[in-house]
Amino acid sequence: MVARFILLLAAVLSLAGCSDPVDDNRIPYCEVHLTFRTVGEWHLYGVKGDAAAYERYVSTPSLRLPADFPYTALDRTGYGGLLIVADVLGELHVYDLACPYECSPQVRIEVPAGELYARCPSCGSTYEVFSNGGMPRSGPAAERGYALQRYSITSGGALSYKVVTR
């Protein structure tokens, strides 16, 4: 009986010491809400659904990407902006553009032309954005386990086509 109790206690203590090696909560909380109101608006400004397709969305007083996107007063693009990507199966994924190592809304990840990853222009960290959920693959973010902040994208209701939320 005592041996069983000691074994159970050892198991509980060993599990309590385990932690997730990936930190995907480094980006401060910010509102996220971006609505594509119609199918036509999605076809014009959204991700086309091809594998490895992506779009960046930023709405700040000094920067708007895409410049002609019809942002409303209710739209919020997170901390550094939004990156919407289509994976190899055409599934959509959304990440904050802010590099979690740099933690600055002005340091935004970029997708190099022809590449299947995103890269921070400041620290050089790279991230798996078309697969593996924004996990770091190299650089200081990988060394520390800092993944990209993820958001949700769903089909909208009667008055919208796609909605990005926290």
Side-chain angles (χ1 to χ4, degrees), residues 19-27 29-59 64-72 74-103 105 107-166:
S19 63
D20 189 355
V22 174
D23 183 353
D24 59 357
N25 291 310
R26 296 219 359 116
I27 301 302
Y29 179 87
C30 284
E31 292 292 325
V32 176
H33 186 88
L34 184 63
T35 302
F36 297 87
R37 286 169 285 288
T38 64
V39 173
E41 190 171 281
W42 176 256
H43 286 296
L44 188 59
Y45 298 106
V47 177
K48 306 308 180 251
D50 299 330
Y54 69 93
E55 286 293 334
R56 294 166 36 120
Y57 303 87
V58 179
S59 179
R64 290 174 71 88
L65 293 176
D68 59 343
F69 185 84
Y71 289 104
T72 70
L74 298 176
D75 288 328
R76 302 287 184 267
T77 57
Y79 187 61
L82 301 173
L83 174 67
I84 302 178
V85 303
D87 66 17
V88 295
L89 300 175
E91 296 290 322
L92 298 172
H93 304 275
V94 184
Y95 307 100
D96 200 289
L97 283 170
C99 173
Y101 178 76
E102 297 293 334
C103 280
V107 179
R108 297 179 178 98
I109 60 169
E110 301 168 344
V111 179
E115 297 295 338
L116 295 177
Y117 63 88
R119 180 180 183 283
C120 173
S122 182
C123 72
S125 294
T126 60
Y127 302 91
E128 301 283 352
V129 292
F130 296 106
S131 64
N132 210 13
M135 299 296 284
R137 57 178 264 184
S138 69
E143 293 166 9
R144 290 173 177 80
Y146 297 162
L148 294 175
Q149 176 67 50
R150 295 178 295 260
Y151 301 121
S152 299
I153 185 166
T154 59
S155 294
L159 300 177
S160 58
Y161 180 67
K162 295 278 185 197
V163 180
V164 177
T165 56
R166 189 164 247 302

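In what follows, every heavy atom counts, from backbone to side chain, and hydrogens, waters and symmetry copies are set aside. Numbers here are sequence positions counted from 1.
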- Message: Among residues at least two apart in sequence or on other chains, which ones pass ring-ring contact (aromatic ring centres under 6.0 Å, His included) with Tyr117?
- Response: none

- Query: Do we see a donor-acceptor contact under 3.5 Å between the side chains of His33 and Asp75?
  - Reply: no

- Note on the structure: On a heavy-atom basis, the closest approach of Pro100 and Ile27 is CA-CD1, 3.8 Å

- Are Asp87 and His93 close enough that some pair of their side-chain heavy atoms sits under 4.5 Å apart? yes

- Note on the structure: Rounded to the nearest 0.5 Å, the CE atom of Met135 sits from the OG1 atom of Thr126 at a distance of 12.0 Å

- Item | Heavy-atom donor-acceptor pair, Lys162 side chain to Ser160 backbone, under 3.5 Å | no

- Query: At their closest point, which heavy atom of Ala118 faces which heavy atom of Ile109, and how far apart are they?
  - Reply: CB-CD1, 3.8 Å

- Applying side-chain contact (heavy atoms from CB on, under 4.5 Å), run through Val58 and Arg108 and close with a yes or a no. CA-CA 10 Å; Val58 179; Arg108 297 179 178 98; 3.7 Å; yes

- Item | Separation of Asn132 CG from Leu148 CG (nearest 0.5 Å) | 11.0 Å

- Query: What's the shortest heavy-atom distance between Ser152 and Arg166, and which atoms?
  - Reply: OG-O, 4.3 Å

- Query: Rounded to the nearest 0.5 Å, what separation is found between the CG atom of Leu97 and the CZ atom of Arg56?
  - Reply: 5.0 Å

- Task: Would you confirm whether Tyr95, through its side chain, and Val129, through its main-chain N or O, come within 3.5 Å as a donor-acceptor pair?
- Result: yes

- Query: Any sub-3.5 Å donor-acceptor pair from Tyr45's side-chain atoms to Asp68's backbone N or O?
  - Reply: yes

- Sequence neighbours left out, what passes salt bridge (Lys or Arg N to Asp or Glu O under 4.0 Å) with Glu41? Give chain and number order. Arg37

- Residue pair Cys123 / Tyr101, side-chain heavy-atom distance below 4.5 Å: yes

- Item | Set of ring-ring contact (aromatic ring centres under 6.0 Å, His included) partners for Phe36, sequence neighbours left out | Trp42, Tyr57, Phe69

- For Ser125 and Ala141 the tightest heavy-atom approach is OG-N, 3.0 Å

- Message: Which residues pass the side chain to side chain donor-acceptor pair (under 3.5 Å) test with Glu110, not counting sequence neighbours?
- Response: none

- Query: Any side-chain heavy atom of Thr165 within less than 4.5 Å of one from Thr154?
  - Reply: no

- Item | Pairwise salt bridge (Lys or Arg N to Asp or Glu O under 4.0 Å) hits with a residue in residues 111-133, at least two apart | none

- Note, Ile84 side chain near Ile153 side chain (heavy atom, < 4.5 Å): yes

- Message: Between Asp96 (side chain only) and Gly80 (backbone N and O only), is there a donor and an acceptor less than 3.5 Å apart?
- Response: yes

- Note on the structure: Looking only at heavy atoms, the pair that brings Arg150 and Gly133 closest together is NH1-O, 3.0 Å

- Query: Are Val88 and Ser131 close enough that some pair of their side-chain heavy atoms sits under 4.5 Å apart?
  - Reply: no

- Message: What verdict does the side-chain contact (heavy atoms from CB on, under 4.5 Å) test give for Tyr161 and Thr38, after you've listed the backbone C-alpha separation in whole Å, the side-chain angles of each residue and the deciding distance to 0.1 Å?
- Response: CA-CA 5 Å; Tyr161 180 67; Thr38 64; 5.6 Å; no

- Task: Could you pull out the closest heavy-atom pair between Tyr151 and Val164, with the gap in Å?
- Result: CB-CG1, 4.5 Å

- Item | Full working for side-chain contact (heavy atoms from CB on, under 4.5 Å) between Cys99 and Tyr127 | CA-CA 9 Å; Cys99 173; Tyr127 302 91; 3.3 Å; yes

- Close side-chain approach of Gln149 to Tyr79, heavy-atom, < 4.5 Å: no

- Message: So, taking the atom named CG in Leu83 and the one named OG1 in Thr77, what distance separates them when rounded to the nearest 0.5 Å?
- Response: 12.5 Å

- Item | Spatial distance of atom CG (Leu34) from atom OG (Ser59) [nearest 0.5 Å] | 9.0 Å

- Message: With rounding to the nearest 0.5 angstrom, report the CG to OG distance, Leu92 to Ser155.
- Response: 9.0 Å

- Task: Mind checking side chain to side chain donor-acceptor pair (under 3.5 Å) for Glu55 and listing every partner two or more places apart, or none if nothing turns up?
- Result: none

